[in-house]
Q: 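Can you keep this structure in mind? I'll have questions shortly.
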Amino acid sequence: MTGDPVVVVEGLGKSFDGRLVLDDVSLAVRRGDIVAIIGQSGGGKTTLLRCVNLLERPDAGSLSVAGTPVVTQGRVVCADLAKLRRTVGMVFQRFNLFPHLTAVENVMLAPTRAGVPEREALERAVGLLARVRLTHRGMAYPEQLSGGEQQRVAIARALALRPSVLLFDEPTSSLDPESTGEVLRVMRELAADGMTMILVTHELPFAAEVADHVVFVDGGRILEQGAPDDVLERPRNARTAAFLAGSAAT
């Protein structure tokens with residue numbers, strides 16, 4: 001752990017239609033950390049991620065971001081949702097680009113809506129597309145881009161509001177191996193630059209390579225967390241060991 005806490009989750013709970021999806025989840029993410037959340041599909045990983053920026057509203061527990069309370073004892077106390085979303089950017093599994101906008105327009109949209117002058121937003125978007133190696137694709141529409149290119153545009157878009165934390169929800173799960181490599185390369189560069197990141201991933205070698213902290217979630221609970229070497233190579237929990245053995249076999 002490298003800096004002050006930027007995301008603090010305490011006793012978080014969430015249910016859907018009476019089914020408990022998150023059960024007493026606690027987690028602290030410090031500035032500059034990369035936290036990888038692993039586990040089987042349906043175990044609560046994405047719900048946890050979505051609770052951090054209130055795409056899902058927790059039913060219990062507390063959450064603070066950058067020192068500001070967001071949820072207190074299950075009650076949302078966030079006074080400025082737009083500010084929270086500027087602080088916590090998110091990259092989705094399915095890209096979610098606007099099909100009628102070019103790549104550069106997709107990246108410009110959020111800053112201009114947040115009051116950034118159009119010229120400044122354009123310069124920022126062009127710079128971010130260069131950062132993800134897509135300068136030459138700025139005028140292309142999403143349907144003209146490969147899956148990997150769309151995901152890199154989505155990363156640029158998430159960076160456009162200069163967030164303190166980036167959330168990644170299975171960013172490579174729908175990509176072919178070559179596109180996966182392109183996206184992971186960008187994420188490695190963000191990690192090297194010190195971006196605080198929380199990522200839900202099935203890419204265990206990538207998690208082992210870049211993460212400072214690995215969290216294993218199963219059945220809505222954190223069963224094990226710690227340094228990558230400890231969790232991925234020397235798991236203490238039998239359920240973690242079984243999950244890793246199954247992942248290695250596939």
Side-chain angles (χ1 to χ4, degrees), residues 6-9 12 14 21-22 25 27 29 31-39 41 44-58 63-66 68 70-71 76 78 80-99 101 103 106-114 116 124-125 128-129 131-132 142 147-175 180 183-184 186-191 193-203 206-207 210-211 213 215 217:
V6 64
V7 175
V8 178
V9 176
L12 212 65
K14 175 66 179 176
V21 177
L22 293 179
V25 170
L27 177 68
V29 180
R31 196 169 305 278
D33 274 354
I34 299 129
V35 174
I37 303 175
I38 64 172
S41 297
K45 307 184 302 299
T46 293
T47 300
L48 172 57
L49 210 64
R50 290 171 65 88
C51 283
V52 173
N53 68 351
L54 291 187
L55 287 174
E56 300 289 353
R57 297 192 169 216
L63 164 69
S64 65
V65 175
T68 301
V70 175
V71 177
V76 173
C78 177
D80 191 340
L81 184 58
K83 182 180 179 181
L84 175 66
R85 300 273 168 80
R86 290 194 298 272
T87 303
V88 184
M90 187 157 185
V91 179
F92 298 90
Q93 180 177 344
R94 296 294 180 183
F95 323 136
N96 289 0
L97 299 179
F98 290 104
L101 300 180
N106 265 283
V107 181
M108 288 177 63
L109 184 61
T112 54
R113 287 188 172 177
V116 176
R124 190 183 297 185
L128 287 169
L129 288 175
R131 186 174 185 180
V132 298
E149 288 172 336
Q150 290 186 62
Q151 192 61 292
R152 283 185 282 158
V153 172
I155 292 173
R157 179 184 59 185
L159 291 168
L161 289 175
R162 297 174 175 167
S164 298
V165 184
L166 265 187
L167 310 178
F168 291 85
D169 183 17
E170 295 283 7
T172 62
S173 66
S174 60
L175 302 179
T180 293
V183 171
L184 294 182
V186 170
M187 293 174 67
R188 285 188 186 95
E189 292 170 357
L190 292 174
D193 289 344
M195 172 62 71
T196 305
M197 297 190 285
I198 308 174
L199 57 120
V200 169
T201 183
H202 286 298
E203 299 283 346
F206 179 70
V210 305
H213 198 72
V215 177
V217 175

Q: Please step through side chain to side chain contact (heavy atoms under 4.5 Å, CB included) for the pair M197 and V210, ending with a clear verdict.
A: CA-CA 10 Å; M197 297 190 285; V210 305; 5.8 Å; no
Q: Minimum heavy-atom separation for H202 to E170, with atom names?
A: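 That would be CD2-OE2, 2.8 Å.
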Q: Evaluate the side chain to side chain contact (heavy atoms under 4.5 Å, CB included) criterion for residues V116 and R124: first the C-alpha distance (whole Å), next the side-chain angles of each, then the deciding distance (0.1 Å), finally the verdict.
A: CA-CA 10 Å; V116 176; R124 190 183 297 185; 4.0 Å; yes
Q: Mind listing the closest non-hydrogen atom pair of L63 and V7 along with its distance?
A: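 Looking at all heavy atoms of both residues, the closest pair is CD1-CG1, 4.1 Å.
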Q: Kindly state each residue pair satisfying salt bridge (Lys or Arg N to Asp or Glu O under 4.0 Å) with at least one member in residues 44-53, sequence neighbours excluded.
A: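 Residue pairs passing salt bridge (Lys or Arg N to Asp or Glu O under 4.0 Å), neighbours aside: R50-E56.
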Q: Are more than 12 heavy atoms, taken from residues, nucleotides or ligands other than R188, located less than 6.0 Å from that residue's CZ atom?
A: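 Yes, enclosed.
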Q: Would you compute the distance between atom CG of L184 and atom OG1 of T201 and round it to the nearest 0.5 angstrom?
A: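 Answer rounded to 0.5 Å: 7.0 Å.
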Q: So, for N53 and L81, which heavy atoms are closest and what is the spacing to 0.1 Å?
A: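 Distance-wise, the nearest heavy atoms are O-CD1, 4.3 Å.
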Q: Which pair of non-hydrogen atoms, one from S164 and one from T196, has the smallest distance, and what is that distance?
A: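 Shortest heavy-atom contact: O-CB, 3.5 Å.
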Q: Might you point out which heavy atoms bring L49 and F168 nearest each other, and give the distance in Å?
A: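 For L49 versus F168, the nearest heavy atoms are CD2-O, 3.3 Å.
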Q: Short question: side chain of R85, backbone of L54 - any donor-acceptor pair under 3.5 Å?
A: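 Present.
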Q: Passes side chain to side chain contact (heavy atoms under 4.5 Å, CB included), L84 versus D80? Steps please.
A: CA-CA 6 Å; L84 175 66; D80 191 340; over 6 Å; no
Q: According to side chain to side chain contact (heavy atoms under 4.5 Å, CB included), who are the partners of A156, at least two apart in sequence or on a separate chain?
A: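 Here the qualifying residues are V107, L128, L129, V132.
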Q: Is there any side chain to side chain donor-acceptor pair (under 3.5 Å) pair reaching into residues 87-98, and which pairs are they, with sequence neighbours excluded?
A: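 Residue pairs passing side chain to side chain donor-acceptor pair (under 3.5 Å), neighbours aside: Q93-S173.
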Q: Contact between Q151 and T172 at the side-chain level, heavy atoms closer than 4.5 Å - yes or no?
A: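 No, side chains not in contact.
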Q: Taking all non-hydrogen atoms of both residues, which atom of G44 and which atom of L22 are closest, and how far apart?
A: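 The answer is O-CD2, 3.3 Å.
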